[in-house]
Amino acid sequence: MPYPTDRERDRPWVMRTYAGHSSAAASNELYRRNLAKGQTGLSVAFDLPTQTGYDPDHQLSRGEVGKVGVPVSHIGDMRRLFDGIPLAEANTSMTINAPAMWLLALYVSVAREQAEAEGRDVDEVLAKLTGTTQNDIIKEYLSRGTYIFPPGPSLRLITDVIAWTVHHVPKWNPINICSYHLQEAGATPTQEVAYALCTAIAVLDAVRDSGQVDEADMGKVVARISFFVNAGVRFVEEMSKMRAFTALWDEITRDRYGVTDPKARRLRYGVQVNSLGLTEAQPENNVQRIVLEMLAVSLSRGARARAIQLPAWNEALGLPRPWDQQWALRMQQVLAFETDLLEYEDIFDGSHVIQAKVDEIMAGAREEIARVQDLGGAVAAVESGYMKSQLVASLAEYRREMENGERVLVGVNKFETTEPSPLQAEGAKAIETIDPAVEKAAVTAIEEWRTQRDNDAVERSLATLKERAQTAENLFEATVDCARAGVTTGEWAGALREVFGEYRAPTGVSAAAAGGGDPALERVRERVRETEAELGERLRILVGKPGLDGHSNGAEQVAVRARDAGFEVVYQGIRLTPEQIVAAAVQEGVHVVGLSVLSGSHLEVVPHVVDGLRAAGAGDVPVIVGGIIPPDDAALLTERGIARVFTPKDYELTGIMDGIVSLIRERHGLS
């Protein structure tokens, strides 16, 4: 958004809701309704197969199609997604990372088609496109998990997208450096600022060194870099964080890259407030949490977000309904249009209290940035596991504070007495559910797509893509050719997998510091030792992430606490098939299998693990599952043989470990 002068009333930020599910047609209808309600930008949520470069009929896509976003498998889906929405007039944010080049190529191709259909100049239309591709792969290795390729080739794809957009789509933000998920993975305010800026340095260095952008144009590159941040409920600290972020970005872009234009050096960021901080217990409390977190990124005019999207009050329960998203949009509109927030200059300028907190965050961030640069930069710090282990350790400390009551969560670990909520009254449908027929329809649709296209053209375009991927040539135009030929998402990613290979990021679990001094944890350790003595072997737990869900924070914390409790832990990271989990459980001779699923695919993927264990002769190994699982689904899982189901309200990990020991003893006939 353009910045007004200090004498003008500030303009409202772009207002979005993160949305998309089921199909391109259903999501298009949702987008049109949201725009009619006053939303000023679109924020596209893609499903996990799309985010990880698979088609709906791939084995790993089972149970994941259309759950956490819209499936976009080819240009036909992209046409349908934006049917009736002129892209030259839209402001579209696309939360897509590893396949960002592919989705942007589809978007650009549809914009070209719209221009040609209207008889408009294509270049003129492309020059008007505004929006963002998230395209930050570093944080995927650290937190979100939707990476595909190793860090080097991934950074090359990011560089190619930035270079192409600077020359051809000058108003587009080709990357949204995303510290949002870093906070959800445990980052302190200092770590969030430091690691996001380390990513920015890695990206800008790569663009500068690629030779695709003249040194004189680096200011244009910097001006198109945007950030996507998180805001927690400690809103004074979070607001100070954004002032520190703003000052450090100005300093780095001026001193390291020689950008002289102050406007180009402005920190341009959007925000979604902390979704994983929302609670299943007393979820109505999430409304005030969301409002307070929104204030953190809107109160300080000099560090104000230029785009905001808010989660819904019931996201800890499941997929929000359109009404829930409308409520979140209305929160933004009341703040922007009913209050006097936008009428004043920065109300914190001159505050010694705020400045002291800003200085503290800046000093800590500078130290951490220097540490990462000494390790060789962000990519090296990912590959070594340094940054991941720091986040896992920070989140472990946060959980200990929550469990011992140092950190209060109203309705969770304090003030738990409550009246029945009318928002969750009997018979009320509190969340959106996705019809299982959605996946079948998507599989049928992509099979039909493959029969209707020119497959010779598809093969030629994929061959060219692979050939150019083995050179230093920019891959964007080759990707556009694939899009227009009818290549699918899985085929594009598959071609580059052949050239670049795949990657499994360090989990950070082994390097996380062990907890000590907790009497409850010591009692569980003693029970583990007693049980091992009676069984004559170490107690072993396998922690697994089936399907494509990359939200590994919970699984990592379970693995760390299980290790601290004395278990031998088998944790192989994310994105495993049920067959791989079963094979590992049998090979390692584990006593219990713990699965973590936050994507809504639990009813499809979890029973496959139970069935697989029975088929392998290990049906006596209990399976437990944790995640965002509605009560009705929990009952169905129990019927299918799941021993225990845990949801966000079950926050006491030490108590969960104690229950797991009891479960193992029960299964082995021990008193």
Side-chain angles (χ1 to χ4, degrees), residues 1-3 88 97 100-105 107-109 111-112 121-138 151-177 196-227 246 248-269 306 369 373 376-379 464-465 467-481:
M1 291 291 284
Y3 283 77
N97 294 284
M101 177 182 285
W102 171 245
L103 272 296
L104 181 58
Y107 189 86
V108 167
S109 297
R112 282 176 168 169
D121 181 84
V122 170
D123 291 336
E124 181 183 313
V125 168
L126 294 186
K128 290 184 177 181
L129 295 183
T130 58
T132 303
T133 32
Q134 192 168 104
N135 203 18
D136 173 5
I137 207 65
I138 299 294
S154 296
L155 194 57
R156 183 255 181 101
L157 291 174
I158 292 170
T159 300
D160 285 357
V161 169
I162 292 173
W164 191 88
T165 54
V166 165
H167 295 309
H168 299 282
V169 194
K171 292 185 178 180
W172 191 266
N173 300 329
I175 186 170
N176 208 344
I177 293 169
L197 290 174
C198 285
T199 297
I201 289 169
V203 168
L204 287 172
D205 282 359
V207 173
R208 180 194 61 197
D209 298 342
S210 73
Q212 297 188 64
V213 176
D214 292 338
E215 188 174 343
D217 287 335
M218 281 302 291
K220 294 180 181 178
V221 175
V222 167
R224 298 316 323 161
I225 302 291
S226 64
F227 291 80
T246 298
L248 283 171
W249 178 243
D250 183 76
E251 179 182 296
I252 289 169
T253 53
R254 181 193 66 223
D255 298 346
R256 188 180 181 98
Y257 302 104
V259 179
T260 57
D261 183 358
K263 291 183 179 179
R265 299 198 308 263
R266 280 175 172 158
L267 182 79
R268 305 164 63 254
Y269 78 96
R306 304 317 301 176
I369 290 169
Q373 297 309 306
V379 170
T464 300
L465 177 69
E467 180 182 318
R468 293 184 183 176
Q470 297 175 64
T471 72
E473 193 173 341
N474 190 299
L475 296 180
F476 197 89
E477 288 291 351
T479 297
V480 169
D481 291 342

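Being a predicted model, the structure only gives us computed values, none of them experimental. Positions are given from 1 along the sequence.
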Among V169, V161, L129, find the residue that satisfies the side-chain contact (heavy atoms from CB on, under 4.5 Å) test when tested with L104.
-> V161
Checking side-chain contact (heavy atoms from CB on, under 4.5 Å) against L155, which of D160, I137, V203, I138 comes through?
-> V203
Which distance, rounded to the nearest 0.5 Å, do you find between the [atom1] of [X] and the [atom2] of [Y]?
X: T159; Y: Q212; atom1: OG1; atom2: CD; answer: 7.0 Å
X: T130; Y: N173; atom1: OG1; atom2: CG; answer: 8.5 Å
X: R266; Y: D261; atom1: CZ; atom2: CG; answer: 8.5 Å
X: T464; Y: D481; atom1: OG1; atom2: CG; answer: 7.5 Å
X: T133; Y: N176; atom1: OG1; atom2: CG; answer: 8.0 Å
X: K128; Y: D121; atom1: NZ; atom2: CG; answer: 10.0 Å

Over all atoms of both residues, closest heavy-atom pair of [X] and [Y]:
X: M218; Y: L204; value: CE-O, 3.9 Å
X: A127; Y: P170; value: CA-CD, 4.0 Å
X: A378; Y: A202; value: CB-CB, 4.1 Å
X: P174; Y: T165; value: CB-OG1, 3.2 Å

Counting only N and O atoms by type, is there a donor-acceptor contact under 3.5 Å from the side chain of [X] to the main-chain atoms of [Y]?
X: R156; Y: L475; result: no
X: R254; Y: T260; result: no
X: R265; Y: E251; result: no
X: R268; Y: A223; result: yes
X: N97; Y: N135; result: yes
X: S226; Y: I175; result: yes
X: Y269; Y: I177; result: no

Residues in salt bridge (Lys or Arg N to Asp or Glu O under 4.0 Å) contact with R208, at least two apart in sequence or another chain | D205
Do the ring planes of F476 and W164 sit parallel (below 30°), tilted (30 to 60°) or perpendicular (above 60°)?
-> parallel
Do [X] and [Y] come close enough that some side-chain heavy atom pair is under 4.5 Å?
X: I225; Y: W249; result: yes
X: I201; Y: Y257; result: yes
X: L126; Y: R112; result: yes

According to the side chain to side chain donor-acceptor pair (under 3.5 Å) rule, which pairs have a member within residues 214-223, sequence neighbours left out?
-> none
